[in-house]
There are 2 protein chains.
Amino acid sequence: MSDLFPKKGHDHDRCVHSALAQAEKVCDRENARFTDMRRKVFTLIWQSHKAVTAYELLDALTAEGQRVQPPTVYRALEFLTELGLVHRIESLNAYFGCDRPDCEHLGQYFICTDCGRVAEAVNEDMSNAVRKAARSVGFTIQATTVEIKGLCHDCATH
Amino acid sequence: MSDLFPKKGHDHDRCVHSALAQAEKVCDRENARFTDMRRKVFTLIWQSHKAVTAYELLDALTAEGQRVQPPTVYRALEFLTELGLVHRIESLNAYFGCDRPDCEHLGQYFICTDCGRVAEAVNEDMSNAVRKAARSVGFTIQATTVEIKGLCHDCATH
DNA sequence: TCAGAAAATGATATATTATAACATTTCATC
DNA sequence: GATGAAATGTTATAATATATCATTTTCTGA
């Protein structure tokens with residue numbers, strides 16, 4: 001069994017750091033500005049293994065001493081999702097950092113209803129099944145939402 | 001190519017009628033009351049090929065002369081979704097009638113971003129891919145959300 | 001280097017979606 | 001018909017999201 005969810009004691013700071021580096025690269029490539037606000041929101045999202053709501057981000061920014069209004073957060077989220085740096089989890093109205101912002105993919109999300117952690121998978125079997133099903137009914141895919149709720153291995157066994 | 005979305009000129013009243021009959025059977029089996037309010041909400045949902053929001057239902061009920069508040073609608077929706085008579089489309093915050101309330105299934109939803117119509121598929125390839133992916137990472141599925149946005153065949157070709 | 005344009009953010013207000021809490025009515029059962 | 005459970009009514013408010021216009025920051029080209 002592969003470990004989709006992070007192991008205990010993994011070096012999280014390093015994940016965040018590397019995510020930031022990737023994000024910078026993507027922004028560079030797209031000629032998009034990775035402003036302070038966008039970087040802050042991105043970092044806050046990556047500091048959690050859970051999906052984070054816009055208002056949680058707002059509160060976190062406020063706690064950091066910023067005086068921030070909802071539109072500011074939503075704009076940053078819009079920017080980050082458009083670049084694929086962050087994904088929206090529709091069934092949670094919340095946002096989650098993307099591991100692989102550098103390549104096009106149909107992502108799938110496993111959401112543990114016990115511990116709240118989220119993990120992104122890029123499973124080609126699932127993606128292909130979706131693409132094939134769409135093709136078979138003459139449907140042209142623009143975007144997909146695949147969210148799977150249940151118990152992660154840790155929570156199921158403990 | 002199979003036709004997932006309804007053809008022009010299909011007998012819609014008959015669809016609604018048969019959905020009502022199915023719903024009654026399910027409620028009967030579950031010893032649940034198919035009250036006037038629930039029937040009204042269910043019927044309104046089935047009268048559309050689009051997903052319908054709670055407040056659209058509220059407006060429709062108001063237009064019918066009822067004086068209805070949000071909790072009433074949300075309660076009916078909760079009841080209907082729990083029995084599987086209606087599905088919630090997470091990416092639209094809206095509700096859609098289920099064709100097959102009588103059997104357990106992992107449904108998938110095709111949502112046309114042009115005409116707004118929604119179609120439910122129960123594609124075993126997709127379901128199996130999801131189940132297999134979950135198994136491979138030790139994840140216990142409780143619920144799945146598979147929503148595919150794009151252009152239906154009609155809209156793509158016209 | 002600085003003027004002008006474009007992009008980003010600030011600020012205010014409000015729209016949309018959803019639920020908590022308690023009162024009343026309806027319904028099945030005895 | 002009395003009783004309790006289920007459903008609905010009613011009021012208030014929470015949670016999520018966006019429209020609009022003002023201001024600031026950044027980029028670009030002369």
Side-chain angles (χ1 to χ4, degrees), chain A residues 23-24 26-45 50-62 64-83 85-96 116 145 147, chain B residues 23-24 26-45 50-62 64-83 85-96 116 145 147:
Chain A
E24 246 147 43
V26 170
C27 287
D28 233 47
R29 194 190 61 208
E30 302 292 328
N31 260 312
R33 296 188 207 155
F34 201 43
T35 61
D36 266 14
M37 183 55 68
R38 290 165 179 173
R39 175 189 303 271
K40 266 178 194 148
V41 169
F42 182 82
T43 304
L44 284 169
I45 290 172
K50 306 182 181 181
V52 187
T53 69
Y55 280 78
E56 284 167 357
L57 292 166
L58 190 62
D59 290 348
L61 289 165
T62 303
E64 286 182 5
Q66 308 254 326
R67 199 170 300 119
V68 174
Q69 301 299 326
T72 302
V73 174
Y74 281 102
R75 282 174 190 142
L77 289 170
E78 188 188 5
F79 172 86
L80 296 170
T81 46
E82 271 180 10
L83 279 190
L85 298 171
V86 154
H87 291 297
R88 178 177 161 85
I89 309 293
E90 298 291 349
S91 61
L92 300 176
N93 297 331
Y95 299 83
F96 189 70
T145 299
E147 296 169 8
Chain B
E24 246 148 41
V26 170
C27 288
D28 233 48
R29 193 189 63 207
E30 302 291 330
N31 259 312
R33 295 190 207 153
F34 200 43
T35 62
D36 265 15
M37 184 54 69
R38 290 165 179 172
R39 174 188 304 270
K40 265 178 197 151
V41 169
F42 182 83
T43 305
L44 284 169
I45 290 172
K50 306 183 181 181
V52 187
T53 70
Y55 280 77
E56 284 167 357
L57 292 166
L58 191 62
D59 291 346
L61 289 165
T62 303
E64 285 182 6
Q66 308 253 327
R67 197 171 301 116
V68 174
Q69 301 299 326
T72 302
V73 174
Y74 280 102
R75 283 173 189 141
L77 289 170
E78 189 188 6
F79 172 88
L80 296 170
T81 47
E82 271 179 9
L83 279 189
L85 298 172
V86 155
H87 292 296
R88 178 177 160 84
I89 308 294
E90 298 290 349
S91 61
L92 300 176
N93 297 331
Y95 299 83
F96 189 70
T145 300
E147 295 169 7

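Just so we're on the same page: letters track the sequence lines, and every chain starts at 1. What's counted below: heavy atoms across the whole structure, side chains too, no hydrogens, waters or symmetry copies.
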Scan the side chains in residues 72-81 of chain B for donor-acceptor partners under 3.5 Å anywhere in the protein, sequence neighbours excluded, and list what turns up.
residue: B:Thr81; atom: OG1; partner: B:Leu77; partner atom: O; Å: 2.7
residue: B:Thr81; atom: OG1; partner: B:Glu78; partner atom: O; Å: 3.0

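- Applying the salt bridge (charged side-chain N to carboxylate O under 4.0 Å, His left out) criterion to B:Glu90, with sequence neighbours excluded, gives B:Arg88.
- Protein chain A contacts DNA chain D from D:dT16 to D:dC27, reading 5' to 3' and using non-hydrogen atoms of the protein with a distance under 4.0 Å.
- To the nearest 0.5 Å, atoms CG (A:Asn93) and CG (B:Asn93) are separated by 6.0 Å.
- The CZ atom of A:Phe96 sits 7.0 Å away from the CD1 atom of A:Ile89 when rounded to the nearest 0.5 Å.
- In the region residues 64-75 of chain A, proximity to DNA chain D at under 4.0 angstrom, judged on heavy atoms, holds for A:Pro70, A:Pro71, A:Tyr74, A:Arg75.
- Counting heavy atoms from C-beta outward, A:Val52 and A:Leu44 have side chains that stay 4.5 Å or more apart.
- More than 12 heavy atoms of other shown residues, nucleotides or ligands fall within 6.0 angstrom of atom CZ in A:Arg29.
- Among residues at least two apart or in separate chains, side chain to side chain donor-acceptor pair (under 3.5 Å) pairs with a member in residues 32-43 of chain B are B:Glu24-B:Arg39.
- Within the 3.5 Å criterion, the main-chain N or O of A:Ser91 finds a donor-acceptor partner in the side chain of A:Glu147.
- With sequence neighbours left out, the side-chain contact (heavy atoms from CB on, under 4.5 Å) criterion links A:Gln69 to A:Pro71.
- In this structure, the side-chain contact (heavy atoms from CB on, under 4.5 Å) partners of A:Ala94, at least two apart in sequence or on a different chain, are A:Ala51, A:Thr53, A:Leu92.
- The end-to-end axis angle of the helix from C:dT1-D:dA30 to C:dC30-D:dG1, rounded to 10 degrees and based on five pairs per end, is 30°.
- Between A:Thr53 and B:Tyr55, the one whose closest nucleotide on DNA chain D sits nearer the 5' end is B:Tyr55.
- Taking all atoms of both residues into account, the shortest heavy-atom contact from A:Val26 to A:Leu83 is CG1-O, 4.2 Å.
- Near DNA chain C, meaning a heavy atom under 4.0 Å from it, residues 32-40 of chain A has A:Arg33, A:Thr35, A:Met37, A:Arg38 in order of number.
- Protein chain B touches strand DNA chain C; the 5'-most and 3'-most nucleotides with an atom under 4.0 angstrom of its non-hydrogen atoms are C:dT17 to C:dC27.
- B:Leu85 and B:Ala23 get closest at one heavy-atom pair: CD2-CA, 3.7 Å.
- Across all their heavy atoms, A:Leu58 and A:Val68 have their closest contact at CD1-O, 3.2 Å.
- Among residues two or more places apart in sequence or in another chain, the ring-ring contact (aromatic ring centres under 6.0 Å, His included) test is passed with B:Phe34 by B:Phe42.
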